[in-house]
2 protein chains.
Amino acid sequence: MARVATGESVLSRAVRILAVFGPDERALRVSDIAARTGLHVATASRLVAEMVQLGLLGREDDRRVRVGVRLWELASRASPTLSLREAAMPFLEDLHAVVGHHAQLGVRDGTDVLFVERLSAPGAVVNYTRIAGRLPLHASSSGLVLLAHAPHELQERVLAAPLARFTPHTICTPSRLRRTLADVRRTGHASCPGFIHEQALGVAVPITDGTRAVVAAVSVIVPNDPTDDQATRAVVPALRAAARGISRTLSR
Amino acid sequence: MARVATGESVLSRAVRILAVFGPDERALRVSDIAARTGLHVATASRLVAEMVQLGLLGREDDRRVRVGVRLWELASRASPTLSLREAAMPFLEDLHAVVGHHAQLGVRDGTDVLFVERLSAPGAVVNYTRIAGRLPLHASSSGLVLLAHAPHELQERVLAAPLARFTPHTICTPSRLRRTLADVRRTGHASCPGFIHEQALGVAVPITDGTRAVVAAVSVIVPNDPTDDQATRAVVPALRAAARGISRTLSR
DNA sequence: ACCCGATTCTCATTCATCGAGAGGGATTCA
DNA sequence: TGAATCCCTCTCGATGAATGAGAATCGGGT
């Protein structure tokens, strides 16, 4: 039977297949994939079979498929995220030991911050961040740091878009976001009490490379105590020390 | 002009493009990619442009392209390697603190061990292992553990293939490999003095999931001192403790 | 400013890919 | 245990997404 003209490439279809997997759905059947992507089941079956053969997907025993180990390898071994993470790791571990709770490393991707590393402790405060997870730039401390030092065009684009609200404390007006970005540039850090979760305070500072360009943010998530107005001030020195160490390593 | 019938799919070509990037070559030009893959430069240019658009690749400022952050995200967020790594991380950190040098986490992929995590210390003994790097099963302590507990068919396949030699100590005969695998199953650990590098001793134990299947190996690399025949015995208890903790976490 | 290599664009051609439908296997339910 | 249903794969005719040749454009070096 004649193929249907959609103008969509095979590559685009394969990426959409990969995109249906997530931390909450790590294995899916072919019929699920077809349903989620809108692909014909015969097409989905054939593409899945080829992706399995290439290592992009792997088959489980119960007819479901999952993301393949080879894909992780191809994506990681030459990835800027891995080299950044390797440079950052010793400093992130130190930061984590000092501050406890969560220590995180994020990079900008489009209008989001993507977390490439997160160290957590048992009993740490609630944290919605996941490794390989995203948050909008305006709503997280890492995101605000990355946005404050982003090209002007990107800042305008974020300011022009709807600003999603997670809690009553999340920034959701352009004017407040402009003021916050100016503060971040002036003080060199971002502090976000209750932006994503009422009980969590996020604090982040920028990481620069050898050309002083901001390439990532390092942050911690600690308990948000509205009666403690010194909590941010307490963690900033350790964040800055970690950031300096990471930047130094990146500059070699 | 008419396309040339090679029988090769677009997906296969895209994977071959991704495969040319490695830890030693993280950014390449389109003409390099065409040369390495044998693709026509117009085809390489077009595929690269599309992969950039999809986030599988990213453009650098100097006409070179690198692996894209979105690819890392798709590969990681639902990856069994990431969930294994997250389960293992606290125990790996403890192991690393106790043993020093290197602590590693590996999974089997085909006839190789793929390292999904590696913690290293400043001044640690030489280690050729890289995160997202591979070693043949027969030549590394992690690999021997994974092979010893692999399906019989895979063991026969490895035994039938040429066994690559890295140092004079590397296992390179089938009979010696059979004996070693039997020892690994009997003792519950693998010890590899000087297999990959003369000065490095690798020791590994298996990690099981809830069904007692061996799903990964945890290992350490410490200095290889031929006059110290107790080095392996010294690290095995800490390795076993880490493996038990990881297995327990995986079984929830 | 010029040259050259690298890259992209255009376009005729075609084969890799598609979807419909059939067939077989797996799962579920009575 | 058998029937019904669902899931998945395979085949094949149709075709448009993809290719490669050559021209055009761009970027870097001198």
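Chain letters run A, B, ... following the sequence lines, proteins first, then strands; residues in each count from 1.
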Nearest-angstrom distance from the residue atom CG of A/Leu57 to P of D/dC8: 14 Å
Among D/dG20, D/dA18, C/dT8, the one nearest B/Val41 by side-chain distance: C/dT8
Sugar-phosphate only, base, or nothing, as touched by B/Ala5 at under 4.0 Å among non-hydrogen atoms: sugar-phosphate
Touch class at under 4.0 angstrom, heavy-atom based, for B/Arg13 against every strand present: sugar-phosphate
Distance in angstrom units between B/Arg63 CZ and D/dG28 C1', rounded: 8 Å
Under 3.5 Å side-chain donor-acceptor pair for B/Gln104 and B/Ser142: no
Spacing between A/His40 atom NE2 and D/dG16 atom P, to the nearest angstrom: 16 Å
Test item: side-chain donor near acceptor, A/Arg118 and A/Ser120, under 3.5 Å: yes
Rounded distance in Å - CG (B/Leu47) to C1' (D/dA17): 11 Å
B/Glu8 CD - D/dA17 P separation (whole Å): 20 Å
Side-chain N,O (A/Arg29) to OP1/OP2 (D/dC7) below 4.0 Å: yes
Whole-Å gap separating C1' (C/dC18) and CD1 (A/Ile17): 13 Å
Sidechain N-carboxylate O distance under 4.0 Å for A/Asp109, A/Arg134: yes
Any B/Ser45 side-chain nitrogen or oxygen under 4.0 Å from OP1 or OP2 of C/dT8: yes
Residues A/Val214, A/Leu146; criterion side-chain contact (heavy atoms from CB on, under 4.5 Å); working and verdict: CA-CA 7 Å; A/Val214 172; A/Leu146 294 167; 4.1 Å; yes
Under-4.0 Å side-chain N/O to phosphate OP1/OP2 contact, A/Arg59 with D/dT9: yes
Short N-O contact, B/Glu153 and B/Arg157, less than 4.0 angstrom: yes
D/dG16 OP1/OP2 closer than 4.0 Å to side-chain N/O of A/Thr6: no
Between C/dT17 (C1') and A/Leu11 (CG): distance, integer Å: 13 Å
Rounded distance in Å - CZ (B/Arg3) to C1' (C/dT13): 10 Å
5' precedence on DNA chain C between B/Ala49 and A/Leu39 (nearest-nucleotide basis): B/Ala49
Closest-nucleotide 5' rank along DNA chain C - winner of B/Arg64 and A/Ala44: B/Arg64
Distance below 4.0 Å between B/Arg46 side-chain N/O and D/dT19 OP1 or OP2: yes
